[in-house]
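This report concerns only the one structure given below.
Chain naming here is simple, since letters A, B, ... match the order of the sequence lines and numbering starts at 1 in each.
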2 protein chains.
Amino acid sequence: MGRPMQFETDTAVDKAMELFWRQGYAGTTPQELASELGIGKGSLYNTFESKHALFMRALRRYSERRLEHLTDLFLAPGPIGPRLKEAMIVLAGVGEHQRGCVMVNAAAELGPADVDVNRIADDLFTQIEAVFRQAIAQGQKSGEFAVDRVADTAASQLLACVIGLSVLVKAGGPSERFRGVIDGIVDGL
Amino acid sequence: MGRPMQFETDTAVDKAMELFWRQGYAGTTPQELASELGIGKGSLYNTFESKHALFMRALRRYSERRLEHLTDLFLAPGPIGPRLKEAMIVLAGVGEHQRGCVMVNAAAELGPADVDVNRIADDLFTQIEAVFRQAIAQGQKSGEFAVDRVADTAASQLLACVIGLSVLVKAGGPSERFRGVIDGIVDGL
DNA sequence: GCAGTTTTTGACCTTGAAGTACAATAACAT
DNA sequence: ATGTTATTGTACTTCAAGGTCAAAAACTGC
């Protein structure tokens, strides 16, 4: 059957994601990736078609992770407000050492110039927005939130806010303030 | 006294800003810059120390522009709400062909890895936030906005929202939705 | 243990980005 | 017209990013 692979592909993708997260796409070299994954550059290109392909794979993995986490939160019992706040804190990367959100970084760095990446980012944003919308609707039904707001627009607001916070987090600043913003916006629902 | 310069430095910085805006920092080559400015690479490096220096200069110029515009809006007469909305639309680049905001792009692309750029970005964000805070306070004093919100936190919210919108604008999407978000958040003040 | 197969490795190659040097050129003062 | 000084852009250097490849290594079946 030939020589078995000396490393797990999934683990490698995770590590790559971590590096891209910290350094961005252009700021990360194949050599650095190989070192980080503990493999040779040849293996890297043998396993992943290109740096770009690996990047997209890392982004997709990130999306899955985030959506999984969101779904879990959404299924949990109890008032929805605190869970919304928690979700926003995690998504924006508040308290997570100035990394922000990989997807936001990717969207801002590559933007429309890279249609593939752009599409992945857009998908994630859209799905997060949908989860927010459901959460808001649920909170309105249970009486936790006021019903005088359009869930749709409010969800977009939350999304924009989370994305903005992730940029501010990356630029650096007190977590206190960021939590305050999240509290304020969710308490206002 | 020797030969005078054949191009205006300020105009050149403006054009460079335009290019960086569209293509990002890493995505823009010195050759492209020279072509865009209509000069040779030699002149480029003779006038600006390096690509990085030119980039920072373009970012500073962008900051000045934006703050100037904000100040103008703030000094204008009439209700503050519409002006706030207008400011947010301009800052986020709504309806401006998927470019978003250069500073947000720069902060997300280079992040904490580039302390100089990071500082410029942080400065602009802080100043925009301050203007928002003043505007909100003014609106509260005039009775246009409710007084039950802390102007400080609300300003941070607006800032986060604007930044997030600029990312969403860059990723592409209907301007309609973005205007709706802005209307919603300002009308809720 | 040998054939056949797949993976690993690091040296190697190609390309283009970033920056430098300089000869030619242009504008000024006198 | 002439000397002087600054500007210009081509050509060149350097360096590393991104990717390839041949040879060695690790496995399976016979």
Partners of [X] by side-chain hydrogen bond (donor to acceptor under 3.5 Å, both in side chains), sequence neighbours excluded?
X	answer
A/E129	A/S156, B/R177
A/T9	none
A/D14	A/R61, A/R65
B/H69	none

For the pair made of [atom1] in [X] and [atom2] in [N], what is the distance, rounded to whole Å?
X	N	atom1	atom2	value
A/L54	D/dA17	CG	C1'	15 Å
B/I39	C/dA26	CD1	C1'	16 Å
B/F48	D/dG9	CZ	P	14 Å
A/E8	C/dT8	CD	P	12 Å
A/F55	D/dA17	CZ	P	17 Å
B/L37	D/dG9	CG	P	11 Å
A/Q6	D/dA26	CD	C1'	7 Å
A/N46	D/dG18	CG	C1'	16 Å

So, the side chain of B/Q140 versus the backbone of B/A146: is there a donor-acceptor pair under 3.5 Å, distance only?
yes
Do A/K170 side-chain atoms and A/G93 backbone N/O form a donor-acceptor pair below 3.5 Å?
no
For C/dT7 and A/S43 - does any side-chain N or O of the residue sit under 4.0 Å from the phosphate oxygens OP1/OP2?
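Checking C/dT7 against A/S43, no side-chain N or O comes under 4.0 Å of OP1 or OP2.
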Partners meeting side-chain contact (heavy atoms from CB on, under 4.5 Å) with A/D187 (sequence neighbours left out)
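For A/D187, the residues satisfying side-chain contact (heavy atoms from CB on, under 4.5 Å) (neighbours in sequence not counted) are A/K85, A/D183.
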Run the salt bridge (Lys or Arg N to Asp or Glu O under 4.0 Å) test against [X] and tell me which residues pass, sequence neighbours left out.
X	value
B/D114	none
A/E49	none
B/D72	none

Measure the angle between the two terminal helix axes of the helix from C/dG1-D/dC30 to C/dT30-D/dA1, five base pairs each, and quote it to 10°.
10°
What nitrogen or oxygen pairs link the protein and nucleotides 1-5 of chain C at under 3.5 Å?
unit_1: C/dT5; atom_1: O2; unit_2: A/G2; atom_2: N; d: 3.4

Would you give me the side-chain donor-acceptor pairs under 3.5 Å for residues 101-112 of chain B, sequence neighbours excluded?
unit_1: B/N105; atom_1: ND2; unit_2: B/R99; atom_2: O; d: 3.1
unit_1: B/N105; atom_1: ND2; unit_2: B/C101; atom_2: O; d: 3.4
unit_1: B/E109; atom_1: OE1; unit_2: B/Y25; atom_2: N; d: 3.0
unit_1: B/E109; atom_1: OE2; unit_2: B/A26; atom_2: N; d: 3.0

Report, one pair per line, the protein and nucleotides 18-22 of chain C atoms (nitrogen or oxygen only) whose separation is under 3.5 Å.
unit_1: C/dA18; atom_1: OP1; unit_2: B/K51; atom_2: NZ; d: 2.8
unit_1: C/dG19; atom_1: OP2; unit_2: B/Y45; atom_2: OH; d: 2.8
unit_1: C/dG19; atom_1: OP2; unit_2: B/K51; atom_2: N; d: 3.4
unit_1: C/dG19; atom_1: N7; unit_2: B/K41; atom_2: NZ; d: 3.4
unit_1: C/dG19; atom_1: O6; unit_2: B/K41; atom_2: NZ; d: 2.4

